[in-house]
Amino acid sequence: MATYKREFDFPTDIKKKIATNIIKFRKEAGITQEQLAADIDISYDHIRRLESTLAKEGISIETLVKISVVLEKKLDDFIY
């Protein structure tokens with residue numbers, strides 16, 4: 001059975017892109033980190049780490065979906 005490797009262009013800084021967009025959309029909505037954390041039922045510290053400029057903290061799909069609902073954005077908006 002033959003295996004073919006297809007070429008894809010994956011973003012290399014996806015965590016940083018998501019973190020930057022969370023900050024941008026949260027501020028546009030006039031919501032503080034504390035408010036966002038309370039709305040999606042996670043700790044303020046977790047939001048702070050997600051938004052860190054180093055973007056070393058990963059984000060679960062569930063958390064990203066909750067954030068997108070609160071900020072009224074599509075998931076695509078956080079990635080592209």
Side-chain angles (χ1 to χ4, degrees):
M1 183 158 119
T3 303
Y4 299 98
K5 180 169 171 59
R6 297 179 295 163
E7 294 295 321
F8 296 97
D9 186 23
F10 295 111
T12 56
D13 60 346
I14 191 67
K15 288 184 198 176
K16 187 172 184 176
K17 180 83 165 177
I18 291 171
T20 300
N21 283 327
I22 290 172
I23 295 166
K24 176 179 143 188
F25 300 144
R26 179 181 59 74
K27 288 182 177 182
E28 285 175 357
I31 297 173
T32 66
Q33 288 178 327
E34 294 87 353
Q35 289 169 322
L36 182 56
D39 286 343
I40 66 170
D41 199 30
I42 64 173
S43 71
Y44 158 73
D45 192 53
H46 193 137
I47 290 290
R48 184 188 57 76
R49 288 192 318 267
L50 288 175
E51 290 189 0
S52 78
T53 56
L54 299 177
K56 289 185 178 179
E57 184 75 20
I59 186 168
S60 71
I61 295 296
E62 181 179 354
T63 299
L64 186 57
V65 167
K66 288 179 179 181
I67 290 171
S68 74
V69 169
V70 170
L71 299 179
E72 299 178 343
K73 296 290 181 180
K74 298 180 294 182
L75 288 175
D76 286 3
D77 295 336
F78 292 92
I79 298 169
Y80 300 105

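Computed from a predicted model, the values in this text were never measured in an experiment. For the numbers below, each heavy atom of this structure counts, side chains included, while hydrogens, waters and symmetry mates do not. Quick note: residue numbers are just sequence positions, from 1.
With contacts defined as side-chain heavy-atom distances shorter than 4.5 Å, the pair I59/I22 qualifies. Between L64 and L75, the closest side-chain pair of non-hydrogen atoms falls below 4.5 Å. Side-chain contact between K24 and K73 is absent, with no heavy atoms from C-beta onward closer than 4.5 Å.
Judged as a ring pair (Phe, Tyr, Trp, His ring centres under 6.0 Å), the pairs with a partner in residues 19-42 (not counting sequence neighbours) are, in order, F25-F78.
The 12-atom threshold is exceeded at CG of D45, counting heavy atoms of other residues, nucleotides or ligands nearer than 6.0 Å. Heavy-atom contacts from other residues, nucleotides or ligands closer than 6.0 Å to OH of Y4 number 12 or fewer.
The line from CD1 of I42 to CG of L36 is 6.5 Å long, rounded to the nearest 0.5 Å. K16 NZ to I14 CD1: the interatomic distance, rounded to the nearest 0.5 Å, is 13.0 Å. Note that CD1 of I61 and OG of S68 are 10.0 Å apart. Values are rounded to the nearest 0.5 Å. In this structure, CD on E34 lies 11.0 Å from OG on S43, to the nearest 0.5 angstrom.
Side-chain atoms of D77 come within 3.5 Å of backbone N or O of K74 as a donor-acceptor pair.
Of all the heavy atoms in L50 and A19, the pair that sits closest is O-CB, 3.1 Å.
With Q33 as the partner, the side chain to side chain donor-acceptor pair (under 3.5 Å) test is satisfied by one option alone out of E51, R48, H46: E51.
Residues passing the side-chain hydrogen bond (donor to acceptor under 3.5 Å, both in side chains) test with Q35 are T32, sequence neighbours excluded.
Each of L71 and Y44 belongs to its own hydrophobic cluster when Ile, Leu, Val, Met, Phe, Trp and Tyr are linked at side-chain heavy-atom distances under 4.5 angstrom.
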